[in-house]
Number of protein chains: 2
Amino acid sequence: MADVLVQEGEEPKLSKKELNKLAKKAQKASKAAEVKMADVLVQEGEEPKLSKKELNKLAKKAQKASKAAEKGGNQQQSASDEQEDYSKDFYGSYGLVNSKEKKELNFLRVKEVTAANASKDIWVRGRVHTTRSKGKNCFLVLRQGVYTVQVAMFMNEKISKQMLKFVSSISKESIVDVYATINKVENPIESSLSLPLPLPKLPLQIEDASRRAPTDEEKSNEQENQLAVVNLDTRLDNRVLDLRTTTSHAIFRIQAGVCNQFRNILDARGFVEIMAPKIISAPSEGGANVFEVSYFKGSAYLAQSPQLYKQMAIAGDFEKVYTIGPVFRAEDSNTHRHMTEFVGLDLEMAFNFHYHEVMETIAEVLTQMFKGLQQNYPDEIAAVGNQYPAEPFQFCEPPLILKYPDAIALLRANGIEIGDEDDLSTPVEKFLGKLVKERYSTDFYVLDKFPLAVRPFYTMPDAHDARYSNSYDMFMRGEEILSGAQRIHDADILTERAKHHQVDLVKIQSYIDAFKYGCPPHAGGGIGLERVTMLFLGLHNIRLASLFPRDPKRLTP
Amino acid sequence: MADVLVQEGEEPKLSKKELNKLAKKAQKASKAAEVKMADVLVQEGEEPKLSKKELNKLAKKAQKASKAAEKGGNQQQSASDEQEDYSKDFYGSYGLVNSKEKKELNFLRVKEVTAANASKDIWVRGRVHTTRSKGKNCFLVLRQGVYTVQVAMFMNEKISKQMLKFVSSISKESIVDVYATINKVENPIESSLSLPLPLPKLPLQIEDASRRAPTDEEKSNEQENQLAVVNLDTRLDNRVLDLRTTTSHAIFRIQAGVCNQFRNILDARGFVEIMAPKIISAPSEGGANVFEVSYFKGSAYLAQSPQLYKQMAIAGDFEKVYTIGPVFRAEDSNTHRHMTEFVGLDLEMAFNFHYHEVMETIAEVLTQMFKGLQQNYPDEIAAVGNQYPAEPFQFCEPPLILKYPDAIALLRANGIEIGDEDDLSTPVEKFLGKLVKERYSTDFYVLDKFPLAVRPFYTMPDAHDARYSNSYDMFMRGEEILSGAQRIHDADILTERAKHHQVDLVKIQSYIDAFKYGCPPHAGGGIGLERVTMLFLGLHNIRLASLFPRDPKRLTP
């Protein structure tokens, strides 16, 4: 992409700029407008520029004054030499936009600045992505979401020296309104007006934050012109700026898509959305890793999962429920895939006779979701891949279901020493994912029948072999994204298992009571939203998939 | 509804019951089945019963044995006198359903038990809603979600005395599987098999919990046969049972509908769903009413709203965002409309020149939502109205927008003494709602331009009158459901206002920093999900609209 003005044969152009800071009648922004990836994406670190030939062409013709300057502005900040500034009515700062008056500027979206709209006089609002000033001309790249467009200004009878100076001094990331003509060849500029100026020194540059990290090979090549890459902490410390990158926009649109797909698929299957409380009277998972909350004169805890509440909804005859909400884990884990707060996509379902009715449903739901994401977000997936290259996510239908003992056998056959009832460590999980990918060509699979000893107290033991349980995990690219099981729905057995796990019975009494008045057999699972996003896209750190991540060391912003 | 077997001319009937507790091949339950209100709703407290004539008809003919008894059961609990019990293979308990084997019982949903399926031999699973035993016959009402069906059994050559005794002793709320023929007139019964029996003594009866509370007039009439009504605390203490009522099912389906409508309407308008963290480093609303959390060696707080994060997403150029999630308020308010944890439907939107662009959008979104709810949930709304009678929710288009000073004038004209810059107390809000309803025939309206003094520090002051602000509340049936405003998007003014409100600047530094790098003007609001549900339906207490409510005195279940 050598030139954002000429995109893949379409030649979207922005020219003739006229500023009118003056009042016009109120008109609401187009609310139906959607920001979607297209061919105007800013590519990593390549500076959008015009060729000399094009610059000459552009400079050829000046444009006559805007007919729009209807009223004199009263918040105008004049350029240095006001007496001589014949453009003074065509630029300036809005000052604080505090809804003083309703205005009617019919903004075109940056993505709509295309050849199809050539010759139109338009208003456009965008951020100053880059500025380039050179003698008697000035070029701004305006950014709106993931779209950019170049604006060209040349000194002429409408555009004064002072105006050019004003425009070229606008800080990056300022928001400006521009009045201009979209024109394929003739692009004279007349005016520009900016919203309040942000601080000139940015803690990170959007271009740097958008750049692909060098591969190890590239690093070792000692290239002369290696460009800055923003590290994760700097990104997160300045998350608002980092969120402005194309990659961040794409990641969080895909993440919204995960939630949307999950809900739509479950709604179509007759599930009901419920809301589970986050403040609870007792640790839900046995007491470890729970955050304590001061609750008036007493104390309470933050829910480590909505599970008990999903189950109570099942006992309340809701049959199939799901809930999306925050989940809290006071684990002092500082890894690429742990956070202290994350979003759980949880579901629970009554079944007739066998928990596989549920397990298979969940695996189908996820498979359907992967398909939906690939269908609906191809541009976003590609945009993320530009900065964080990854193999496309692969899955098979029907989903692969592997029995735990078979996984152990597969691992042993490949040199891993592991006992029948051992849990899988993270590296072993990853290795297993690699073996599964080689053998079955899928990045997604289900591991069924975990050893009872490694699962929570409410997990139903296997009916045939006391060492195992009716529980399962699901994996993406070798990392766990879901943990689930048939839950014990009998109060007596639940009490017995809770005792065995040394859970304080007094504190979970209302949970146990829920099963005293008849509860259908049921199973379910909890999915980590950020893990799904991270692993679907092949990101290397879960924090990239959390808008404002929380870990043992990060509570801000 | 004198007889659930004969519904409004449709005569759905369930007859010929045969029990087969024995293994059949695995077949998954229909996952596409949806529970919807229909004409088989159990009405308040009226006992479903058959007329004598019908009973005679039903008893007339016995049915031959089930062809289904294929295998001997091994978990069977025999009746008292096994030698003489010729039905012993046709009833019993499943024992624990721990996924020992996959079975293939093609259950019909209770709602599908209609005349259209007459003469079919079917399996049906449901809860024992009521039992009525009388000499040589026995009637069960089975309930599945909000649907019920009556099952009739008569002693005959297939149904032994012991079997009848077993069935008539099944506790209410047990889950039973029944094999039967749907038949308009001939309904002999053969067998019944129940899942593990819940405790026989229920802390509340589903019929009692479903009953409409008597009006004051009814109470004063000292009727002889006033029936038990379950009070709120008993309901909430035994929420799992209370959730089984038709009313609870309807309330939470409508609540899921509120979320669904909100998201769909905003998605169509180009909003992006985001997730905001709940653990934060500083109180977001100025320090009062915030829950403190132990966070490793330090402490943190629970977010009182996602507002700062929505705003940072706007500063990150997401333009229009929404989020649905829990909101925490450490207020010691024990009222009908306060909870310490509730679900916020929050949205935030950049605008071009005036916050009314946003305010009007929100009011339109809510209006569209009301329409969607009335269109999609008429049966659920009617079901709730049966137990909690209320006038249908009324609204106008376009939505009514009232200026604060005009509201004050209206109140004064109706005898309320109130200052120009006073906030509205709850009773005054309600009275205002009444006046608005009388004058404008709407239960929904927007109150615009609140006094600056009564709003949070981040509220944009009015550009023309320093006493007021660019802020608004929205009301349903005279109670506030949304609070919103244009936010200050300028770091310096924000700092100044925070100081004025004595907010600790150090703690909100990352919030203030978010506005240093350019932020478009924006406004938004937060809606209380449970309040919308409560007020749309005209419920009298917000706890009825929360699955597991939290207040200063309630942390369980």
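In what follows, every heavy atom counts, from backbone to side chain, and hydrogens, waters and symmetry copies are set aside. Here is how names work: the chains are called A, B, and so on, in the same order as the sequence lines, proteins then strands, and each is numbered from 1. These numbers were taken from a predicted model, which means no experiment stands behind them.
By number of non-hydrogen pairs under 4.5 angstrom with chain A, the leading residue of B:P203, B:G298, B:A523 is B:P203. The most heavy-atom pairs under 4.5 Å with chain B, out of A:Y301, A:Y295, A:F328, A:Y355, come from A:Y295. Most heavy-atom pairs under 4.5 Å with chain A, from the set B:A463, B:A350, B:G316, B:S546: that is B:G316. Of the listed residues (A:L555, A:L243, A:D317, A:V240), the one with the most heavy-atom contacts under 4.5 Å to chain B is A:D317. Most heavy-atom pairs under 4.5 Å with chain B: of the set A:H464, A:Q509, A:E530, this distinction falls to A:H464. The greatest number of non-hydrogen atom pairs below 4.5 Å with chain B, out of A:A315, A:S299, A:C259, is found for A:A315. Ranked by heavy-atom pairs shorter than 4.5 Å toward chain A, the options B:N470, B:I314, B:N264, B:D513 are led by B:N470.
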Just do the salt bridge (charged side-chain N to carboxylate O under 4.0 Å, His left out) check on B:E319 and A:R109 with the steps written out, would you?
-> CA-CA 12 Å; B:E319 296 196 14; A:R109 303 283 303 171; 2.8 Å; yes

Could you go through the side chain to side chain contact (heavy atoms under 4.5 Å, CB included) check for B:V343 and A:M275 one step at a time?
-> CA-CA 8 Å; B:V343 176; A:M275 298 292 169; 3.8 Å; yes

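The cationic group of B:R125 lies under 6.0 Å from the six-membered ring centre of A:F353 and within 45° of the ring axis, placing it in a cation-pi geometry. Both the sub-6.0 Å distance and the 45° axial angle are not jointly satisfied by A:R554 relative to the ring of B:F296.
A:K553 meets the side chain to side chain contact (heavy atoms under 4.5 Å, CB included) test with A:N334, A:D551; sequence neighbours excluded.
Between the side chains of B:S99 and A:Q486, at least one donor-acceptor pair of N or O atoms lies under 3.5 Å. With hydrogens and angles left out, the side-chain atoms of B:K102 and A:H356 include a donor and acceptor closer than 3.5 Å.
Only the side chain of B:V272 comes within less than 4.5 Å of a heavy atom in chain A; its backbone stays farther off. For chain A, no part of B:A491 is nearby; none of its heavy atoms comes within less than 4.5 Å. A:L529 touches chain B through its side chain: at least one heavy atom from C-beta onward sits under 4.5 Å away, while N, CA, C and O do not. For B:E331, the part sitting under 4.5 Å from any heavy atom of chain A is the backbone (N, CA, C, O) and nothing else. When heavy atoms are compared at a cutoff of 4.5 Å, B:F351 approaches chain A by way of both its backbone and its side chain. Contact annotation for B:I493: only side-chain heavy atoms (C-beta onward) come within less than 4.5 Å of a heavy atom of chain A.
Taking all atoms of both residues into account, the shortest heavy-atom contact from B:N352 to A:V97 is O-CG1, 4.1 Å. The heavy-atom pair separating B:I279 from A:R550 by the smallest distance is O-NE, 2.7 Å. Here the shortest heavy-atom pairing between A:E341 and B:K278 reads OE2-N, 2.6 Å. What you find for B:T556 and A:S281 is that their closest heavy atoms are CG2-OG, 3.0 Å. Taking both residues in full, the closest heavy atoms of A:C519 and B:R127 are given as CA-NH2, 4.1 Å, listed atom of the first, atom of the second, then distance. Closest approach of A:F318 and B:S248 over heavy atoms only: CZ-O, 4.3 Å.
Between B:K103 and A:E357, no side-chain nitrogen of the basic residue sits less than 4.0 Å from a carboxylate oxygen of the acidic one, so the salt-bridge criterion is not met. At a threshold of 4.0 Å, the pair A:E273-B:R263 counts as salt-bridged, since one of the basic side-chain nitrogens sits closer than that to a carboxylate oxygen.
Shown are A:H354, A:H489, A:M460; of these, the side chain to side chain contact (heavy atoms under 4.5 Å, CB included) with B:N98 is made only by A:M460.
Distance CG/A:L302 to CG/B:L302: 5.5 Å, rounded to 0.5 Å.
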